[in-house]
Amino acid sequence: MNWVKKDLLGIKGLTKEEILFILETAESFKEISLREIKKVPTLRGKTIITLFYEPSTRTRTSFEIAAKRLSADTINISASTSSYVKGETLKDTAKNLESMRPDVIIIRHSMPGAPHMLAGMIDSSVVNGGDGSHEHPTQALLDLYTIKEKKGRLDGLKIVIIGDIIHSRVARSNIFALRHFNVDIVCSGPPTMMPPNLEELGVRVEYDMNKAVEDADVIMMLRIQKERGGTSYIPSIREYSTLYGLKASHIERAKKDVIIMHPGPINRGVEITDEVADGPYSVILDQVENGVAVRMGILYLLTGSAS
Ligand code: CP
């Protein structure tokens, strides 16, 4: 297929074919990161800007590494060191950056819809690097890539997502992506952290975590989004950890070859124990590794380098 979309703003706007095409494209880039010289000239002459209004370790670094491995020029802008602190609006920032002719801008913002607004104002491609509680499409794509890599398929799996679902852009994007496949998606967490319309998205809700993880192929843990007021939705961290923290006893209830995922950053001892996060079922660092390949694929497609 030919990639025709200018932007990657969310999973909701993608077809199953487009999702699979991104995963296939990413696959072709993965081995570049295993070479001694981790660089190909594919995006030489292209300019990629990361514009982050919220903190990030994985997303921003892996976009920069992805761009550099494809020989693009990269510029990183953080809100705290930009003219945002002097009162510049997102619109003015976008228009000024556009004047410097970047090919792709990757934006992370606390305001849902900020990437969509940006995309409507500029000709450069825009990638959503996470917008509030709304979507985190590149995280979901790297998650699907990792599940497919480890399980050999997506169809027929039981995938359990546990934690602060209501504030999680990772959960939303994963649900939008996974419902294209024949997947049993189960969400678990405190009732206060479940969006009211969750079942309408094709998801089963199971508040008892012990039941939720029964025969799971994949367990995806989420952290409490403190920056979005997540801690005010639960009586205490201690109680949350007792009821919804992933422990070795949960692994025993899941399938023998279950994989444990987490988008990061981890709050060790809260939503997951050290033993499980660092244990043999954890693929958390594989997710990070695959994030580079998936983001290489996305930059390649959006810059029109495939045509
Ligand atoms: N998963 C994720 O988005 O991590 P960062 O916040 O470190 O980018």
Side-chain angles (χ1 to χ4, degrees), residues 8-11 22-23 26 33 48-68 74-82 104-112 114-115 126-147 149-150 159 161-178 218-231 246 259-268 270-272 277-278 282-299:
L8 177 59
L9 302 176
I11 296 290
I22 293 172
L23 301 187
S33 295
I48 313 288
I49 296 180
T50 63
L51 175 60
F52 274 48
Y53 289 83
E54 284 190 327
S56 169
T57 296
R58 283 145 288 270
T59 309
R60 191 164 69 173
T61 310
S62 64
F63 262 117
E64 186 177 358
I65 287 176
K68 286 196 155 102
T74 58
I75 296 95
N76 298 315
I77 305 174
S78 293
S80 60
T81 53
S82 75
V104 183
I105 299 181
I106 299 129
I107 180 171
R108 170 171 287 190
H109 205 288
S110 59
M111 185 178 77
V126 175
V127 179
N128 181 356
D131 61 330
S133 302
H134 181 220
E135 279 227 43
H136 192 349
T138 63
Q139 179 68 45
L141 289 164
L142 75 88
D143 289 341
L144 262 68
Y145 185 101
T146 305
I147 295 169
E149 179 183 67
K150 300 294 172 192
I159 300 181
I161 307 174
I162 301 170
D164 186 1
I165 310 279
I166 198 164
H167 296 114
S168 177
R169 55 197 179 201
V170 174
R172 281 174 67 84
S173 288
N174 264 290
I175 290 166
F176 289 144
L178 289 168
V218 177
I219 300 175
M220 188 181 293
M221 299 306 297
L222 303 171
R223 78 182 166 87
I224 300 170
Q225 301 270 304
K226 290 180 186 165
E227 67 274 33
R228 301 187 217 293
T231 44
L246 189 68
I259 57 170
I260 307 303
M261 305 179 76
H262 194 307
I266 292 172
N267 287 140
R268 289 173 178 268
V270 179
E271 73 270 11
I272 192 165
D278 304 328
S282 172
V283 297
I284 295 170
L285 295 180
D286 300 85
Q287 290 173 262
V288 179
E289 181 181 354
N290 290 334
V292 175
V294 166
R295 287 167 178 134
M296 286 169 93
I298 289 164
L299 294 176

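Atoms within a ligand are numbered from 1 in the order they appear, just like the ligands themselves. For reference, positions follow the sequence shown, starting with 1.
Of all atoms in ligand 1, numbered sequentially from 1 with element shown, those under 4.0 Å from a heavy atom of Q139 are 1 (N), 2 (C). Counting atoms of ligand 1 from 1 in the listed order, those under 4.0 Å from a heavy atom of T57 are 5 (P), 7 (O), 8 (O). Taking every non-hydrogen atom of H136 and a distance limit under 4.0 Å, the qualifying atoms of ligand 1 come out as 2 (C), 3 (O). The ligand atoms of ligand 1 that sit less than 4.0 angstrom from a heavy atom of G264 are 1 (N), 2 (C), 4 (O).
Taking CG from D143 and CG from L178, the interatomic distance works out to 8.5 Å, rounded to the nearest 0.5 Å.
Under a 4.0 Å N-O distance rule, the pair R172/D131 does not qualify as a salt bridge.
At least one side-chain heavy atom of L222 sits less than 4.5 Å from a side-chain heavy atom of P263. By the 4.5 Å heavy-atom criterion applied to side chains, I260 and I272 are counted as neighbours.
From the protein, the heavy atom lying nearest to atom 1 (N) of ligand 1 is P263 O, 2.8 Å. Closest protein heavy atom to atom 2 (C) of ligand 1: T59 OG1, 3.5 Å. Of the protein's non-hydrogen atoms, the one nearest atom 4 (O) of ligand 1 is R58 NE, 3.0 Å. Protein heavy atom nearest atom 6 (O) of ligand 1, with residue, atom name and distance: R108 NH1, 2.9 Å.
Judged by the 6.0 Å distance and 45° axis criteria, R108 is not positioned over the aromatic ring of F52.
When all heavy atoms of D164 and Q225 are compared, the closest pair comes out as OD2-N, 2.9 Å.
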